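From a predicted model like this one, the values you see are computed outputs, not experimental measurements. Side-chain atoms are counted along with the backbone in the values below, which use heavy atoms only and exclude waters and symmetry mates.
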Amino acid sequence: MKNKKIIGIIIGVIIIVGCYFYYQHGISAVSSSNEEVIVDIEEGTSASGILDVLDEAGLVNDKLCGKTFLKLHTYDNLQANSYILNKNMSLKKIFDIIQNPTQEYINNTKLTIVEGSTMSDNAILFADILDISEDEVIEQWADTEFLNSLIEDYWFLDESILDNDIYYPLEGYLYPETYYLNDDSLNVESMTRIALDMMDEKLSPYKDQIEATGWSIHEFLTFCSVVEKESGTDETDRSMIAGVFKNRLDSDMLLQSDITVNYAWQRTGVDVSISQTQIDSKYNTYKYTGLPIGPICCVPTTTIESCLNYSQHDYYYFFAQIDPDDSTNTIVIYSKTYEEHQQKVQEAKDNDLWLS
């Protein structure tokens with residue numbers, strides 16, 4: 001009997017010690033490496049709600065242990081903010097920061113590069129954050145010494161970007177993403193490198209596939225940028241449109257992409273006039289065969305994948321029109337011949353479905 005009692009005590013101690021170590025592990029840091037994570041805590045979020053946010057951000061080892069932690073500790077002044085946290089922080093460290101935040105952990109500056117945006121668009125964003133003129137940003141982006149330093153540091157940049165006929169050397173190379181910036185990264189060079197670092201991360205997995213196309217990285221991103229702009233916000237047609245342009249390139253036809261003409265004029269819009277298509281610019285695919293001289297916007301991985309896996313079909317023409325079943329939507333109409341294309345364009349105009 002006495003032995004059973006001792007054994008029971010030992011088992012009980014083992015269970016208690018096991019639970020203790022399990023709990024300690026559950027509230028410890030998820031990693032020993034230095035990896036920053038941006039977490040947005042909205043106004044009025046409860047402690048348990050914050051735990052959910054932290055868990056989704058990959059900052060919680062064990063959510064059950066996290067809930068136990070909150071029952072054992074009182075946090076009644078948790079602050080809404082955008083926080084710069086780290087995976088090497090324990091749960092206690094994180095909640096202490098949110099309870100009593102200091103400037104070190106608060107993210108104040110957000111840079112959002114939008115899919116399909118151009119360098120002129122992004123120059124405005126950089127200038128607003130840095131409180132300088134757009135011309136100063138563009139001047140830095142055009143500086144040969146700066147560009148050569150980037151070419152040395154990033155595998156996907158080469159001397160193609162230094163061509164005098166290119167409007168903006170880094171067009172198409174800043175990855176579209178939301179970036180949270182620390183005070184020590186607030187200058188044109190460091191902000192540019194942050195976006196290029198992300199492009200490196202996103203583009204590297206496709207390196208072999210891109211090389212297999214026979215295009216240089218510069219040419220491939222140029223192709224992607226045309227598809228991105230022609231596709232608008234609808235991702236479903238990107239592989240189809242990429243297939244159309246690939247067919248035209250393979251047949252030595254002019255791409256005749258209106259958006260390349262608009263880029264040549266540095267304007268936005270849908271339609272272009274006949275006179276506008278006469279502009280003598282190597283971006284103008286009505287005048288010059290093949291791809292434009294360089295990318296015309298930034299592209300996300302969805303477009304990169306669509307262009308690598310373009311649809312193989314017999315279409316050579318397309319246009320977008322209003323969806324007859326939903327006037328708030330647009331659809332893309334494809335044709336195999338120019339005559340068929342013209343007929344469908346006229347039908348769209350006759351039925352007030354033409355996008356002007």
Return the set of residues passing salt bridge (Lys or Arg N to Asp or Glu O under 4.0 Å) with [X] (not counting sequence neighbours), or none when no residue passes.
{"X": "K87", "value": "E35"}
{"X": "D165", "value": "K282"}
{"X": "K207", "value": "none"}
{"X": "K92", "value": "D96"}

Is a side-chain donor-acceptor pair under 3.5 Å present for [Y] with [X]?
{"X": "S160", "Y": "D158", "result": "yes"}
{"X": "Q346", "Y": "D350", "result": "yes"}
{"X": "N81", "Y": "Y105", "result": "no"}

- Item | Short side-chain to backbone donor-acceptor contact, D237 and M240, under 3.5 Å |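 Flag not set: sc D237 to bb M240 has no pair under 3.5 Å.
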
- Query: Is the distance between the ring centroids of Y168 and Y173 under 6.0 Å?
  - Reply: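 Centroid separation for Y168 and Y173: 6.0 Å or greater.
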
If you count every heavy atom of other residues, nucleotides or ligands that lies below 6.0 Å from [X] atom [atom1], does the total exceed 12?
{"X": "K93", "atom1": "NZ", "result": "no"}
{"X": "E139", "atom1": "CD", "result": "no"}
{"X": "D250", "atom1": "CG", "result": "yes"}

- Does some side-chain heavy atom of W354 sit less than 4.5 Å from a side-chain heavy atom of F319?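 A side-chain contact under 4.5 Å exists here.
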
- Evaluate the side-chain proximity of F220 to Q209: yes if any heavy-atom separation is below 4.5 Å, no if none is.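 No; the side chains remain at least 4.5 Å from each other.
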
- Query: Got a sec, which hydrophobics cluster with Y338, joining ILVMFWY side chains under 4.5 Å apart, including via others?
  - Reply: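 M253, Y316, Y317, all in the cluster of Y338.
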
- Item | Residues which pass ring-ring contact (aromatic ring centres under 6.0 Å, His included) with Y175, listed by chain and number, not counting sequence neighbours | none

- Message: One pair to check against ring-ring contact (aromatic ring centres under 6.0 Å, His included): Y263 and Y167. What are the steps and the verdict?
- Response: CA-CA 9 Å; Y263 187 85; Y167 290 175; 5.7 Å; yes

- Task: Decide, yes or no, whether a salt bridge links R238 with E230 under the criterion of side-chain N to carboxylate O below 4.0 Å.
- Result: no

